[in-house]
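Numbering of residues begins at 1 and proceeds along the displayed sequence. Every heavy atom of this structure was used, including side-chain atoms; hydrogens, water molecules and symmetry mates were not.
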Amino acid sequence: MLKKVRILIVDDDPDVCEYLQKFLSKDGYDVTTVSQPAMVLDELKEKAYQIIILDLKMPGMSGEELLRRIRAVDSDICIIIYTGYPSVDSAVETMKQQVFDYIKKPFNIEDFRAVIRKAVQEKGLIVSPEIRLNQEIGQKIRTLRKKKNLTLKQLANRTGLSVS
């Protein structure tokens, strides 16, 4: 059984949070929403998330400031920025913080889904059973080959398989 990818949505608009939570939950993700930016770091301490979807314009703390604080705590977490006020400056600033993508509102829901799927795939957050099996077989072959001090070419000659 595959574990669900945990997504944290940070947006001060509860309607947007509810909308995103509903459609992402239907897609099989485990989704939590936070409407107050000041609560995000506490939430990250309580639960492990693989993806954060972060609005840039929020009262109390800007998305850019929150992004810097998140990066100080977790430099690897996948962050997707979305904003109703896109600008070249904010895009450049967030990309310096290594965000996965920068999306402007309103967005096409299918395009948004595609960004999430791409993030999951590129970050290796979910591995299909077939890929996992291939990885395990490859690891086992590599271990046995090294144990017997065989090169890839020697193994290929003995088994009739290609080196690749």
Side-chain angles (χ1 to χ4, degrees), residues 1-139 164:
M1 182 174 156
L2 297 176
K3 69 175 183 142
K4 284 188 173 187
V5 172
R6 296 190 64 143
I7 298 176
L8 179 64
I9 298 168
V10 183
D11 194 314
D12 62 306
D13 186 337
D15 292 334
V16 171
C17 285
E18 182 181 346
Y19 173 72
L20 290 175
Q21 185 174 30
K22 281 183 181 178
F23 98 76
L24 288 172
S25 294
K26 285 180 185 175
D27 286 352
Y29 301 107
D30 182 2
V31 183
T32 302
T33 64
V34 173
S35 296
Q36 298 175 3
M39 296 176 63
V40 170
L41 295 179
D42 289 336
E43 181 66 29
L44 292 176
K45 289 176 187 173
E46 289 181 30
K47 297 179 186 170
Y49 292 92
Q50 289 80 36
I51 298 174
I52 297 176
I53 299 170
L54 178 61
D55 186 18
L56 284 185
K57 299 293 181 195
M58 296 179 286
M61 183 186 311
S62 72
E64 289 96 338
E65 175 60 25
L66 182 55
L67 174 59
R68 281 189 287 279
R69 290 182 183 190
I70 291 169
R71 283 289 179 232
V73 173
D74 188 339
S75 62
D76 188 50
I77 194 165
C78 179
I79 299 176
I80 298 170
I81 298 294
Y82 72 134
T83 181
Y85 305 95
S87 72
V88 173
D89 289 342
S90 69
V92 168
E93 188 60 36
T94 58
M95 289 301 175
K96 285 180 183 176
Q97 294 291 325
Q98 299 164 346
V99 298
F100 184 80
D101 209 334
Y102 181 96
I103 301 169
K104 66 179 188 169
K105 294 181 197 175
F107 50 82
N108 174 296
I109 199 69
E110 290 309 315
D111 293 344
F112 194 79
R113 276 188 169 119
V115 168
I116 301 290
R117 282 192 303 267
K118 184 178 176 187
V120 167
Q121 182 180 28
E122 286 187 19
K123 290 288 191 172
L125 300 176
I126 291 183
V127 179
S128 72
E130 182 179 338
I131 292 171
R132 189 180 311 261
L133 178 62
N134 286 337
Q135 288 173 341
E136 289 175 11
I137 290 170
Q139 183 63 39
S164 62

Quick one: pull up NZ in Lys57 and CD in Glu64 and give me the separation to the nearest 0.5 Å.
5.5 Å
Heavy-atom count check: over 12 atoms from other residues, nucleotides or ligands less than 6.0 Å from Tyr85 OH?
no
Which value, rounded to the nearest 0.5 Å, describes the distance between Leu67 atom CG and Lys96 atom NZ?
12.5 Å
Check against side-chain contact (heavy atoms from CB on, under 4.5 Å), Ile109 and Tyr19
CA-CA 11 Å; Ile109 199 69; Tyr19 173 72; 3.4 Å; yes
Using a strict threshold of under 4.0 Å (side-chain N to carboxylate O), is an ion pair present between Asp11 and Lys105?
yes
Can you name the side chain to side chain contact (heavy atoms under 4.5 Å, CB included) partners of Thr32, sequence neighbours left out?
Arg6, Leu8, Glu43, Lys47, Tyr49
Do the side chains of Leu41 and Ile70 get nearer than 4.5 Å, heavy atoms only?
yes
Relative to the ring of Phe107, is the ring of Phe112 parallel (under 30°), tilted (30 to 60°) or perpendicular (over 60°)?
parallel
Please assess Ile51 against Val120 for the test side-chain contact (heavy atoms from CB on, under 4.5 Å), listing each intermediate value before the final yes or no.
CA-CA 8 Å; Ile51 298 174; Val120 167; 3.9 Å; yes
Rounded to the nearest 0.5 Å, what separation is found between the CD1 atom of Ile9 and the OG1 atom of Thr33?
6.5 Å
Counting only N and O atoms by type, is there a donor-acceptor contact under 3.5 Å from the side chain of Arg71 to the main-chain atoms of Ile77?
yes
Can you find a heavy atom in the side chain of Met58 that is under 4.5 Å from one in the side chain of Leu66?
yes
Given side chains that start at C-beta, do those of Ile80 and Ile103 come closer than 4.5 Å, heavy atoms only?
yes
Nearest heavy-atom contact between Met61 and Ala38 is CE-CA, 4.1 Å
Give, for atom OH of Tyr29 and atom CZ of Arg117, the distance between the pair rounded to the nearest 0.5 Å.
7.0 Å
Heavy-atom side-chain proximity of Ile53 to Ile116 below 4.5 angstrom:
yes
Measuring from Ile7:CD1 to Leu24:CG, what's the distance to the nearest 0.5 Å?
5.0 Å
Is Leu54 close to Tyr82 at the side-chain level, that is, under 4.5 Å between some pair of heavy atoms?
no
Distance col, row Ser90:OG vs Met95:CE, nearest 0.5 angstrom, shows 9.5 Å
Test item: Gln97 side-chain N/O and Arg68 main-chain N/O as donor-acceptor pair under 3.5 Å
no
For Cys17 and Ser35, the nearest pair of non-hydrogen atoms, with its separation, is SG-OG, 4.0 Å
Are any of the side-chain heavy atoms of Asp74 and Leu44 separated by less than 4.5 Å?
no
